[in-house]
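Atom set for the values below is all heavy atoms of this structure, side chains included, hydrogens, waters and symmetry mates excluded. Each ligand, and each atom within it, is numbered from 1 in the order the structure gives.
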Amino acid sequence: MKIIPFAVLTVLLAISCRQKPKTGEKHSGTTQAVNYPEEKEAAFDERMAWWREARFGMFVHWGAYAVPAGRYEGKEVKSAGEWIMRNAGIPVEVYEGYAREFNPAAFDADEWVSRMKDAGMKYMVFTSKHHDGFCLWDSGLTDYDVVDFSPYGKDILRALADACKAQGVKFGLYHSIIDWHHPDAHADTYAGGEASENNERRFADYLENYLKPQLKELVEKYDPAILWFDGEWEEEFTHEQGLDLYQYVRRLKPDIIINNRVDKGRQGMQGMNKGDSDYAGDFGTPEQEILDGTSDLDWESCMTMNDTWGYKTDDNNWKSPAVLVRNLVDAAAKGGNYLLNIGPDAEGRIPEASVKSLDAIGAWIKVNGEAVYGTESPESGYQQGENIRFTRKRGTPFYYAVTFEKPGKTVRLEQLKPEEGSQVVLLGYETPLEWKYDEEKGLEITVPEEALNAIGDTQGWTFKVKAGA
Ligand code: FHN
């Protein structure tokens, strides 16, 4: 008789016991399908509540790749900075040299977190380990980490987790399934060597004896609110292993939130799951793009400020603050979160252009943040043309229309019908505005010059309207 390994058996049992999702039931194909078959929609909603309220987070890609900063043998290596090991074909022993140099003397966790907080970001997702395998905490599973291998010698995750806690923001971890450094995780093929035999068995060993114990360390030591997996496209990694990994992490911390890259469901950069199976994961992950419309599932769009995730000296293709604010609002209007990346340099400094953008977003958020936090996509529609987006404060009659074009003397909003006698307000200007409503033309708001002057330069003007259900 064939002996079924315990881990596989657990997965099979979980799959066979799960409740079949009802048609149209939100999220039923994700969490209920895996280790928590009893997790009803209400429990899922409760677990996701803070994340949905937050809407805006900071991604941080930081590691040994900040040392070469996108350059190898005197030349720029095309594409993202954190991929330099693979894209320049740098052998493991040579790449280790960057980790040996990693000594970010200017790193200040409190400063990073307060910058992020000032920008209006409510959570951080930080790279505990990217594809290069270098670990940013003191791992008991390897010496290839910032404490044992690098001159810096201090635990970066500890500093960030503590700073986030002290400043009241959520701390999440990005963790790569792919590992170009670990010999059993296919390091040989990535570093230009021969593909080894028994890759599947070796990869399974790596998962059981390295990746999972590392995740246990991370959860136990740093209590992350999110585990954000990546690198799930690795050939040897299977759907069953993805389900098992999801189960494993939820068991370590039942209320943790896990992205869909824990499993094999993601459809390329669009980021949402394929519909052909019950893939694990609590939210979809569009990358460098925002969904074209809304979704029944939760999602978060992750994006760079220039064209790289990890620091790269040669990349100066910065998005303007106006584009970043527009993206944030566009995502919120379609019911998604926005996870905006910074790639600090090898010293631990956030690039100046990113700092400027964070400040500009923060200034906009201070006035207009209520149009983003705790909102959902309105049933009456999320857009009017290219330049207006709508959000609705979840469970309330308050709607927000953000226009990215400076209003003229009047603004017409076709999809909103204010409650009789209610006030229409332009955020940042205290006096309520005059308005009239016409069944055919919709809502017409009068915008006094004085209001626009009071607001001054901005990336978006927000009208708040109390509208009938
Ligand atoms: O390969 C990575 C990339 O370096 C970066 O981490 C992004 C962030 O979502 N994800 C991967 C590609 O999907």
Side-chain angles (χ1 to χ4, degrees), residues 56-70 72 77-90 95 98 121 123-136 172-182 185-187 189-191 211 224 226-235 237 242 257-274 279 281-291 298-312 314-315 317 319 324 327 331 336-344 354:
F56 189 26
M58 181 190 262
F59 216 172
V60 186
H61 277 69
W62 201 39
Y65 40 81
V67 173
Y72 187 56
V77 178
K78 290 288 169 209
S79 92
E82 74 286 358
W83 271 75
I84 192 166
M85 180 177 176
R86 168 87 194 270
N87 289 350
I90 305 176
Y95 188 85
Y98 299 128
M121 293 153 147
Y123 60 102
M124 173 185 283
V125 178
F126 180 80
T127 47
S128 39
K129 181 193 83 163
H130 203 267
H131 310 333
D132 65 356
F134 180 63
C135 300
L136 279 289
L173 294 172
Y174 166 110
H175 206 74
S176 175
I177 293 169
I178 280 189
D179 190 316
W180 298 329
H181 187 266
H182 194 290
H186 232 164
T189 48
Y190 286 114
L211 190 81
I226 301 169
L227 252 168
W228 212 104
F229 286 96
D230 204 2
E232 84 291 2
W233 62 85
E234 164 69 46
E235 214 177 297
F237 184 58
I257 294 175
I258 304 172
N259 69 340
N260 67 341
R261 300 186 190 182
V262 66
D263 196 354
K264 305 288 277 193
R266 167 163 74 125
Q267 303 176 79
M269 294 304 167
Q270 181 262 10
M272 303 305 280
N273 279 354
K274 295 176 257 190
Y279 294 107
D282 300 322
F283 62 93
T285 49
E287 179 168 325
Q288 302 288 36
E289 55 185 89
I290 290 168
L291 286 195
D298 289 278
W299 58 277
E300 175 196 68
S301 216
C302 58
M303 255 188 222
T304 50
M305 288 192 184
N306 47 356
D307 293 327
T308 180
W309 300 94
Y311 181 72
K312 213 179 155 182
D314 293 303
D315 186 338
N317 190 25
K319 295 175 184 78
L324 299 173
N327 287 341
N337 282 16
Y338 192 52
L339 186 66
L340 184 59
N341 184 71
I342 58 159
S354 300

Close side-chain approach of Glu300 and Phe59, heavy atoms under 4.5 Å: no
Using modelled atom types only, decide if a donor and an acceptor are shared between the side chain of Tyr95 and the backbone of Tyr65 within a distance under 3.5 Å. yes
For Thr285, the side-chain hydrogen bond (donor to acceptor under 3.5 Å, both in side chains) test, sequence neighbours excluded, returns Asn260, Arg261
By side-chain hydrogen bond (donor to acceptor under 3.5 Å, both in side chains) - contacts of Glu82 (at least two apart): none
Present, as a list of atom pairs with distances to 0.1 Å, all nitrogen or oxygen contacts under 3.5 Å between ligand 1 and the protein.
| from | atom 1 | to | atom 2 | distance (Å) |
| --- | --- | --- | --- | --- |
| ligand 1 | 1 (O) | Trp83 | NE1 | 2.8 |
| ligand 1 | 1 (O) | His131 | NE2 | 2.8 |
| ligand 1 | 4 (O) | Glu82 | OE2 | 2.5 |
| ligand 1 | 4 (O) | Trp83 | NE1 | 3.1 |
| ligand 1 | 4 (O) | His130 | NE2 | 3.1 |
| ligand 1 | 6 (O) | His61 | NE2 | 2.7 |
| ligand 1 | 6 (O) | His130 | NE2 | 2.8 |
| ligand 1 | 6 (O) | Tyr174 | OH | 3.2 |
| ligand 1 | 6 (O) | Asp230 | OD2 | 3.4 |
| ligand 1 | 9 (O) | Arg261 | NH1 | 3.2 |
| ligand 1 | 9 (O) | Glu287 | OE1 | 2.9 |
| ligand 1 | 10 (N) | Asp230 | OD2 | 2.5 |
| ligand 1 | 10 (N) | Arg261 | NH1 | 3.4 |
| ligand 1 | 10 (N) | Glu287 | OE1 | 3.2 |
| ligand 1 | 13 (O) | Arg261 | NH1 | 3.4 |
| ligand 1 | 13 (O) | Arg266 | NH1 | 3.4 |
| ligand 1 | 13 (O) | Arg266 | NH2 | 3.3 |
| ligand 1 | 13 (O) | Glu287 | OE1 | 2.7 |
| ligand 1 | 13 (O) | Glu287 | OE2 | 3.4 |

Pairing residues for Asn259 by the side-chain hydrogen bond (donor to acceptor under 3.5 Å, both in side chains) criterion, not counting sequence neighbours: none
May I ask you to check whether His130 and Tyr174 place their ring centres under 6.0 Å from each other? yes
